[in-house]
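Everything below concerns the one structure shown next.
First listed ligand is number 1; within each ligand, the first listed atom is number 1.
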Amino acid sequence: MAQLITSVDQLNASSINDLPSMPLPTKVLMVRPLHYSVDYVINPHMADQVGRVNTTEAQREWMLVRSLFDRIGINVRIIEDQEGLPDMVFCANQSLPYLDKKGQRHVFMSIMHADQRKREVPYFEQWYRQNGYEIHYLDEDKIDDFEGCGDAIWHTGRRLLWGGHGYRSSMEAYQTISDTFDVPVITLELVDETFYHLDTCFCVLDDHTALIYPGAFTEQGLELIHAVFEQVIEAPENEAGELFACNACCADGRNVIIQQGCTDVNKGLRDAGFSVHEVSTSEFLKSGGSVFCMKMLLW
Ligand code: ARG
């Protein structure tokens, strides 16, 4: 089943429907943000925010996100953050986990794009090692960067991966991942720096529904998204760019945890039958992240 799909001509709709199922994640990993701050600028959202994070408020918001996962029945596992690694709380980025058909857990460790974040990865690797994962690495001589589930997003309930590239992850990473996990990867090029990770403009809600910000994609990418999902909810520019609406998380295919105030998107979500749980992530938006970036989905 390994294959890179870059345009609709390569997409065989029936074969997508026939892809083997994958269990829904039951856990999330979160990083307690005791040392979280904006200390440098590596994405457009961080400009003008250096030194502006209210740490107490950030910790309060993080606790509320954590309790929402608890409330919808997702088990939360915690890693402590480290002094000098102010972005470690964004734990969607350092890895890409996978559960194979036999039930063995695997993980690819990321190659962070920015030097400031490279030291985060070993802390996660250690956690995966202690928890029985088979650990895989990308060849750093051939692949420049890969930022885990910031750019690589599992299709709900299927052995199919969506792979964003352009700002933080290289297309070449997906060939290795597709071959190793034996899954097809549909690649999507990102073209607007405001939406520098796939998880800032694309959220899989369930097997046939996605929430996207169309302006972040090429025509080819939009064709692929519309070919696979029967229902595509589009976020308006302000809700996507300022409130990170598409950085919502729908772990169970029903309950959507999302930054508070995404009025249009929330209406679309409710009309489509989803339960909406709003939470403020204002301190994390200053760094270019919201709910989806603040956790790693696990099985
Ligand atoms: N400041 C972090 C960075 O630029 C934010 C990461 C947000 N994570 C995400 N998956 N979008 O790397």
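Regarding atom 9 (C) of ligand 1, its nearest protein heavy-atom neighbour is Cys293 SG, 2.8 Å. Looking at atom 10 (N) of ligand 1, its nearest protein heavy atom turns out to be Asp199 OD2, 2.5 Å. For atom 12 (O) of ligand 1, the nearest protein heavy atom (residue, atom name, distance) is Arg117 NH1, 2.6 Å.
Between Ser280 and Glu61, the side chains place a donor N or O and an acceptor N or O closer than 3.5 Å (distance only, hydrogens not considered). A donor and an acceptor atom, one from each side chain of Tyr40 and Asp87, are located under 3.5 Å apart.
Residue Phe292 places every heavy atom at 4.0 Å or more from ligand 1.
For the pair Glu147 and ligand 1, the shortest N or O to N or O distance does not fall below 3.5 Å. Distances between N or O atoms of Thr200 and those of ligand 1 include no value under 3.5 Å.
A cation-pi contact, defined as under 6.0 Å to the ring centre and within 45° of the axis, links Lys295 to Phe292.
Within ligand 1, counting atoms from 1 as listed, the ones closer than 4.0 Å to a heavy atom of Asn43 are 1 (N), 3 (C), 4 (O). Listed by number with element, the atoms of ligand 1 under 4.0 Å from a non-hydrogen atom of Arg168 are 3 (C), 4 (O), 12 (O). Of all the atoms in ligand 1, the ones that sit under 4.0 Å from a non-hydrogen atom of His197 are 8 (N), 9 (C), 10 (N), 11 (N).
Ring geometry for Phe90 against Tyr36 counts as perpendicular: the plane angle is over 60°, on a 0 to 90° scale with 30° as the lower cut.
With a heavy-atom cut-off of 4.0 Å, Asn93 touches ligand 1 through its side chain alone.
Tyr133 and Trp299 have their aromatic ring centers separated by at least 6.0 angstrom.
Hydrophobic cluster membership is shared by Leu297 and Ile257, with clusters built from Ile, Leu, Val, Met, Phe, Trp and Tyr side chains linked at under 4.5 angstrom.
Ion pairing of Asp207 with Arg158 is present here, as a side-chain N (NZ or NE/NH1/NH2) and a carboxylate O approach within less than 4.0 Å.
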